[in-house]
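Notes follow once the structure below has been shown.
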Amino acid sequence: METEKNYYVYLILTVNNKLYCGYTDNVEKRYKLHFEGKGAKFTKANKPLKLVYTKEFKTKQEAQKEEYRIKQLTRKQKELLYSTFI
């Protein structure tokens, strides 16, 4: 029996108060890569402080669509998004 794979959109708050948005199929593993400076250029230059938001999706396409939507939001809108998550 094949297990169903889920995808996630996540927001990371960095030590210099910036926000990074991404998607993955394994949030813990991806965050660890970011924290080690191996996840993305952005988080290599802006060290992650904490994971502030995650949302689960059934397909990769849904997660990518939500990642794009979040990246279009203003800083204030992103803060509202993750303040309801905490």
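These numbers come from the heavy atoms of this one structure, side chains and all, not from hydrogens, waters or symmetry mates.
The salt bridge (charged side-chain N to carboxylate O under 4.0 Å, His left out) test applied to Lys18 returns no partner, not counting sequence neighbours. With sequence neighbours excluded, no residue forms a salt bridge (charged side-chain N to carboxylate O under 4.0 Å, His left out) with Lys60. Residues meeting the side chain to side chain contact (heavy atoms under 4.5 Å, CB included) test with Lys29, sequence neighbours left out: Asn26. Partners of Tyr23 by side-chain hydrogen bond (donor to acceptor under 3.5 Å, both in side chains), not counting sequence neighbours, listed by chain and number: Gln64. Here Glu56 pairs with nothing under the salt bridge (charged side-chain N to carboxylate O under 4.0 Å, His left out) rule; sequence neighbours left out. When the side chain to side chain contact (heavy atoms under 4.5 Å, CB included) test is applied to Gln72, the partners found at least two apart in sequence or on another chain are Tyr68.
Note on Val9 and Tyr82: same hydrophobic cluster, where clusters join Ile, Leu, Val, Met, Phe, Trp and Tyr whose side-chain heavy atoms are under 4.5 Å apart, directly or indirectly. Hydrophobic clustering places Tyr10 together with Phe35 (ILVMFWY residues linked when any side-chain heavy atoms are closer than 4.5 Å, directly or through intermediates).
A donor-acceptor contact shorter than 3.5 Å is absent between the side chain of Arg30 and the backbone of Asp25. Using modelled atom types, one side-chain atom of Ser83 and one backbone atom of Glu79 make a donor-acceptor pair closer than 3.5 Å. In this structure, Thr24 contributes its side chain and Val27 its backbone to no donor-acceptor pair below 3.5 Å. Looking at Lys55, its side chain never comes within 3.5 Å of a backbone N or O of Tyr8 through a donor-acceptor pair. Judged by distance alone, the side chain of Glu36 and the main-chain N or O of Leu33 form no donor-acceptor pair under 3.5 Å.
A centroid separation of 6.0 Å or more is found between the aromatic rings of Phe57 and Tyr7.
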For Thr84 and Tyr53, what are the C-alpha separation, side-chain angles and deciding distance, and is it a side chain to side chain contact (heavy atoms under 4.5 Å, CB included)?
-> CA-CA 9 Å; Thr84 60; Tyr53 176 81; 5.7 Å; no

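Note that the NZ atom of Lys44 and the NE2 atom of His34 stand 13.0 Å from one another [nearest 0.5 Å]. One finds the CG atom of Asn17 at 11.0 Å from the CG atom of Asn46 (value rounded to the nearest 0.5 Å). How far OG1 of Thr14 is from CG of Leu19: 7.0 Å, rounded to the nearest 0.5 Å. Note that NZ of Lys50 is 12.5 Å distant from CD1 of Ile12, once rounded to the nearest 0.5 Å. Distance OH/Tyr31 to OG1/Thr54: 13.0 Å, rounded to 0.5 Å.
Remark: of the listed residues Leu73, Leu11, Leu81, Leu11 is the sole one forming a side chain to side chain contact (heavy atoms under 4.5 Å, CB included) with Cys21.
For NZ of Lys32, the number of neighbouring non-hydrogen atoms (other residues, nucleotides, ligands) closer than 6.0 Å is 12 at most. Annotation: Lys71, atom NZ; neighbour count of heavy atoms from other residues, nucleotides and ligands within 6.0 Å is above 12. More than 12 heavy atoms of other residues, nucleotides or ligands sit less than 6.0 Å from atom CD of Gln77.
For Glu62 and Lys65, the salt-bridge test fails: no basic side-chain N is under 4.0 Å from an acidic carboxylate O.
The aromatic rings of Phe42 and Tyr20 lie parallel to each other, with less than 30° between the two planes, well short of the 60° mark.
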